[in-house]
Amino acid sequence: MAHIFCIANQKGGVGKTTTTVNLSAGLAKVGQRVLMVDLDPQGNATMGAGIDKRQLGRSVYNVLLGDATVAEARVHTGKLSESGCAFDVLGANRELSGAEVELVPLARREMRLRAALATVEADYDFVLIDCPPSLSLLTLNGLCSAHGVIVPMQCEYFALEGLADLVHTIRQVHANLNRDLQLIGLLRVMFDPRITLQQQVSEQIKQRFGDKVFNTVIPRNVRLAEAPSYGLPGVVFDPAAKGSLAFVAFAEEMVARAQSKPTAAPSATPMPTA
Ligand code: ADP
Ligand code: MG
């Protein structure tokens, strides 16, 4: 069965989409079968994976409203095949912003994505869900579908403040809606080791969250920021760039963790207190 992870942080611009796209490509590169789900109406993950969001026939919107199955709506990143980094995408575009309202009257509105993904889970080793920067009904659908949450964060002074809200939400979802949900880990991104404050915050995060902090650190690297304008994940656009190498190392770390902790096993300590 697939390991289903949300990439979430209610702050915008912290690297969620960059992480989702590059981890998807990195996991594909190390031989994993990947489905990337874009749950953000901005559709940046869709575009970053080389799929034109304006050309989508069906999208995650149709899946959430029950007009299409995942098998009907997913597309393959054909142009990444040459690099060995291809994966499937359940894309999003502006239409998805309407779902927030249209889902409200529907039964089990927070479980729509979970039910849809169950039909394709056997096709994948990993399903990665890019969440919007809010704790909305869309994000809730992501959290209810997932076994765990990966939280990208910058090592900045206020980083830990926002984290408390997210950990609280994860706990609530774990208690009331999805007993499988765990905080998988915090990923330090856009890291610049020359900045003393970033080193200090990085240390604080490690002291506070222990083994919930991934070993891999993603450096600030302009090649990762340039890649989306070419419709490619950084990992494919410039495989030798520091940021790309870090994302492949992160993919390897994820695979190693997944092998040591089978998805089905419930965790005794789902998450630390923030
Ligand atoms: P979010 O999805 O959380 O809003 P993004 O992944 O879109 O965040 O990243 C925000 C901005 O930061 C984008 O312009 C992206 O290209 C840039 N960015 C993300 N990660 C890095 C990195 N490691 N190095 C340099 N720029 C980055
Ligand atoms: Mg984003």
Side-chain angles (χ1 to χ4, degrees), residues 5-26 36-51 53 59-61 89-94 96-97 99-100 128-136 138-139 141-143 146 149-156 158-163 165-166 169 185-195 198-199 201-202 205 213-251 253:
F5 298 135
C6 275
I7 321 305
N9 188 325
Q10 74 277 27
K11 286 193 182 179
V14 292
K16 290 180 290 298
T17 298
T18 305
T19 299
T20 310
V21 170
N22 284 285
L23 180 57
S24 295
M36 186 191 84
V37 180
D38 191 351
L39 263 191
D40 189 334
Q42 292 185 65
N44 291 345
T46 304
M47 297 294 279
I51 307 291
K53 63 183 176 183
S59 68
V60 70
Y61 169 78
V89 175
L90 180 55
N93 53 32
R94 281 179 56 197
L96 182 60
S97 53
E100 194 70 48
L128 301 181
I129 305 170
D130 187 30
C131 290
S134 61
L135 299 174
S136 61
L138 289 172
T139 300
N141 260 276
L143 294 175
V149 186
I150 296 168
V151 184
M153 57 191 301
Q154 286 172 254
C155 293
E156 287 175 346
F158 289 115
L160 287 168
E161 275 195 6
L163 200 57
D165 292 340
L166 181 61
T169 304
L186 307 178
L187 177 67
R188 292 163 285 172
V189 298
M190 300 191 220
F191 189 73
D192 184 344
R194 293 166 302 183
I195 300 177
Q198 292 210 1
Q199 284 176 354
V201 174
S202 173
I205 293 171
V213 184
F214 291 110
N215 295 328
T216 310
V217 177
I218 309 297
R220 181 171 285 283
N221 179 199
V222 70
R223 302 299 272 169
L224 292 175
E226 288 168 355
S229 60
Y230 296 85
L232 292 171
V235 165
V236 176
F237 174 61
D238 186 351
K242 272 190 182 157
S244 304
L245 295 172
F247 271 114
V248 174
F250 181 45
E253 184 177 356

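Residue indices begin at 1 and follow the sequence shown. Both counts, for ligands and for their atoms, begin at 1 and track the order of listing. Keep in mind that this is a model prediction, so the values were computed, not measured.
Here the CD atom belonging to Gln154 is positioned 7.5 Å from the CD atom belonging to Gln198, to the nearest 0.5 angstrom. To the nearest 0.5 Å, the span separating CG on Asp192 from CZ on Arg220 amounts to 7.5 Å. Atom CG of Leu187 sits about 11.0 Å away from atom CG of Asn9, to the nearest 0.5 Å.
Taking both residues in full, the closest heavy atoms of Leu138 and Leu39 are given as O-CD1, 3.1 Å, listed atom of the first, atom of the second, then distance. Ala92 approaches Leu96 most closely through the heavy-atom pair CB-CD2, 3.8 Å.
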(request) With side-chain hydrogen bond (donor to acceptor under 3.5 Å, both in side chains) as the test, would you mind laying out the steps for Gln10 and Ser134 before giving the verdict? (result) CA-CA 4 Å; Gln10 74 277 27; Ser134 61; over 6 Å; no

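Looking only at protein N/O/S atoms, the ones less than 2.8 Å from the Mg ion (ligand 2) make 1 in total.
When only modelled atom types and interatomic distance are considered, Asp130 and Thr17 share a side-chain donor-acceptor pair under 3.5 Å. Asp238 and Ser244 are not linked by any side-chain donor-acceptor pair at a separation below 3.5 angstrom, with hydrogens and angles left out of the test.
The shortest side-chain heavy-atom distance between Val60 and Val37 falls under the 4.5 Å cut-off.
The 4.0 Å heavy-atom shell around ligand 1 contains residues Gly12, Gly13, Val14, Gly15, Lys16, Thr17, Thr18, Met190, Ile218, Pro219, Arg220, Asn221, Leu224, Ala225, ordered by chain and number.
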